[in-house]
Asker: 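Sharing a structure here in structure tokens format.
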Amino acid sequence: MADTAATATGIVNGQSPVTLYPQPRQKGGSIPVSDISHPRLTNSRLHQWAASKNLSSATTSTGSVVIAFNRVTVSLKQEGTTFRVFAVWRATPRRPEQITALRAAANDINSRRLEPKAYVIDEQKMFVMESVTYSGDGMTDQQLDSFLVGVFSAVFSCTDQLDNDFPDLSAPGDTTDD
């Protein structure tokens, strides 16, 4: 088989098979691979992105880049071929019924949104939102910006809703904005 072969065909209106798109193939295999490589995600690039948005960032001892806001702390980490954004809403549930209500809020967020995924870590009494994407081929600056702006927007939308739904867990005057 040629290095570039059709990887998808389809029948259109009962006609003969047609090529839907050509795709390069891995030599000796049938799994399509990309010949496109973008700059790797590094902590330096993540700090540069934060600075371009006038955000302060720091690197933790575990290698995550952290950006702290009044009501949420966001960690960014490249792990193998996965880029992970992990956000923690800074609220402290003190009673079991508050944790139960936060679990219900996480379920509601997950039923309405694709991103971020929300959950509660009971032992630490934390409400967490997480987004992950494949980054094995790297990312352009535009892809990185688009992904992070979208995730941050979704996280802030969720934390604004949490602040409204759980005012007893939010200190007066606290918002997700700096």
Side-chain angles (χ1 to χ4, degrees), residues 34 36-93 98-178:
S34 172
I36 300 170
S37 181
H38 299 299
R40 288 179 28 119
L41 283 182
T42 61
N43 281 1
S44 176
R45 285 188 67 208
L46 297 174
H47 286 294
Q48 288 171 357
W49 178 86
S52 77
K53 302 296 182 194
N54 295 318
L55 301 172
S56 296
S57 59
T59 302
T60 67
S61 60
T62 61
S64 295
V65 172
V66 176
I67 302 170
F69 298 89
N70 289 338
R71 297 296 296 146
V72 65
T73 300
V74 181
S75 298
L76 314 172
K77 186 158 187 178
Q78 173 68 30
E79 298 173 320
T81 60
T82 302
F83 179 47
R84 180 177 183 220
V85 179
F86 183 85
V88 178
W89 182 48
R90 291 190 194 173
T92 308
Q98 290 173 321
I99 292 176
T100 300
L102 286 174
R103 268 194 236 108
N107 289 337
D108 181 59
I109 288 169
N110 293 334
S111 70
R112 291 183 291 110
R113 298 174 166 272
L114 290 174
E115 299 268 353
K117 291 301 176 197
Y119 53 95
V120 175
I121 301 175
D122 290 350
E123 307 81 42
Q124 296 161 328
K125 300 180 179 174
M126 292 188 328
F127 190 96
V128 175
M129 292 150 287
E130 185 173 24
S131 292
V132 296
T133 191
Y134 173 76
S135 58
D137 293 329
M139 285 187 189
T140 65
D141 290 340
Q142 183 178 6
Q143 290 170 327
L144 177 62
D145 184 64
S146 177
F147 177 71
L148 288 177
V149 166
V151 170
F152 275 59
S153 177
V155 164
F156 291 152
S157 175
C158 292
T159 57
D160 287 346
Q161 186 63 50
L162 290 167
D163 287 340
N164 288 331
D165 291 348
F166 299 96
D168 56 324
L169 298 181
S170 299
D174 279 349
T175 66
T176 55
D177 299 323
D178 257 353

Asker: Do you know which two heavy atoms are closest between Leu46 and Leu76, and how far apart they sit?
Answerer: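 Minimum heavy-atom contact is CD1-CB, 4.0 Å.
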Asker: Looking only at heavy atoms, which two atoms of Leu102 and Phe127 are closest? And how far apart?
Answerer: O-CE1, 3.4 Å
Asker: Using modelled atom types only, decide if a donor and an acceptor are shared between the side chain of Asn43 and the backbone of Val65 within a distance under 3.5 Å.
Answerer: no
Asker: Going by the salt bridge (Lys or Arg N to Asp or Glu O under 4.0 Å) test, which pairs reach into residues 53-65, not counting sequence neighbours?
Answerer: Lys53-Asp145
Asker: Quick one: does Arg71's side chain have a donor or acceptor within less than 3.5 Å of a partner on Asp163's backbone?
Answerer: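 No, the answer is negative, given that no donor and acceptor are paired below the 3.5 Å cut-off.
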Asker: Where the side chain of Arg45 meets the backbone of Met139, is there a donor-acceptor pair that is under 3.5 Å apart?
Answerer: yes
Asker: Any donor and acceptor pair, going by atom type alone, linking the side chain of Ser153 with main-chain N or O of Gly150 inside 3.5 Å?
Answerer: no
Asker: Have Gln98 and Asp168 got a donor and an acceptor in their side chains that come within less than 3.5 Å?
Answerer: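 Checked: Gln98/Asp168 side chains pair up, N/O donor to acceptor below 3.5 Å.
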Asker: For the pair Asp108 (side chain) and Ala104 (backbone), establish whether a donor and an acceptor sit closer than 3.5 Å, ignoring hydrogens and angles.
Answerer: no
Asker: Output, in order, the C-alpha distance, side-chain angles, deciding distance and verdict of side-chain hydrogen bond (donor to acceptor under 3.5 Å, both in side chains) for His47 and Ser57.
Answerer: CA-CA 6 Å; His47 286 294; Ser57 59; 2.6 Å; yes
Asker: When you compare the side chains of Thr42 and Ser44, does any donor N or O come within less than 3.5 Å of an acceptor on the partner?
Answerer: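 Distance-only check fails for Thr42 and Ser44.
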Asker: Ignoring hydrogens and geometry, is there a side-chain-to-backbone donor-acceptor pair from Arg84 to Ser75 under 3.5 Å?
Answerer: no
Asker: Report the residues that fulfil ring pair (Phe, Tyr, Trp, His ring centres under 6.0 Å) with Phe83, sequence neighbours left out, ordered by chain and then residue number.
Answerer: Phe147
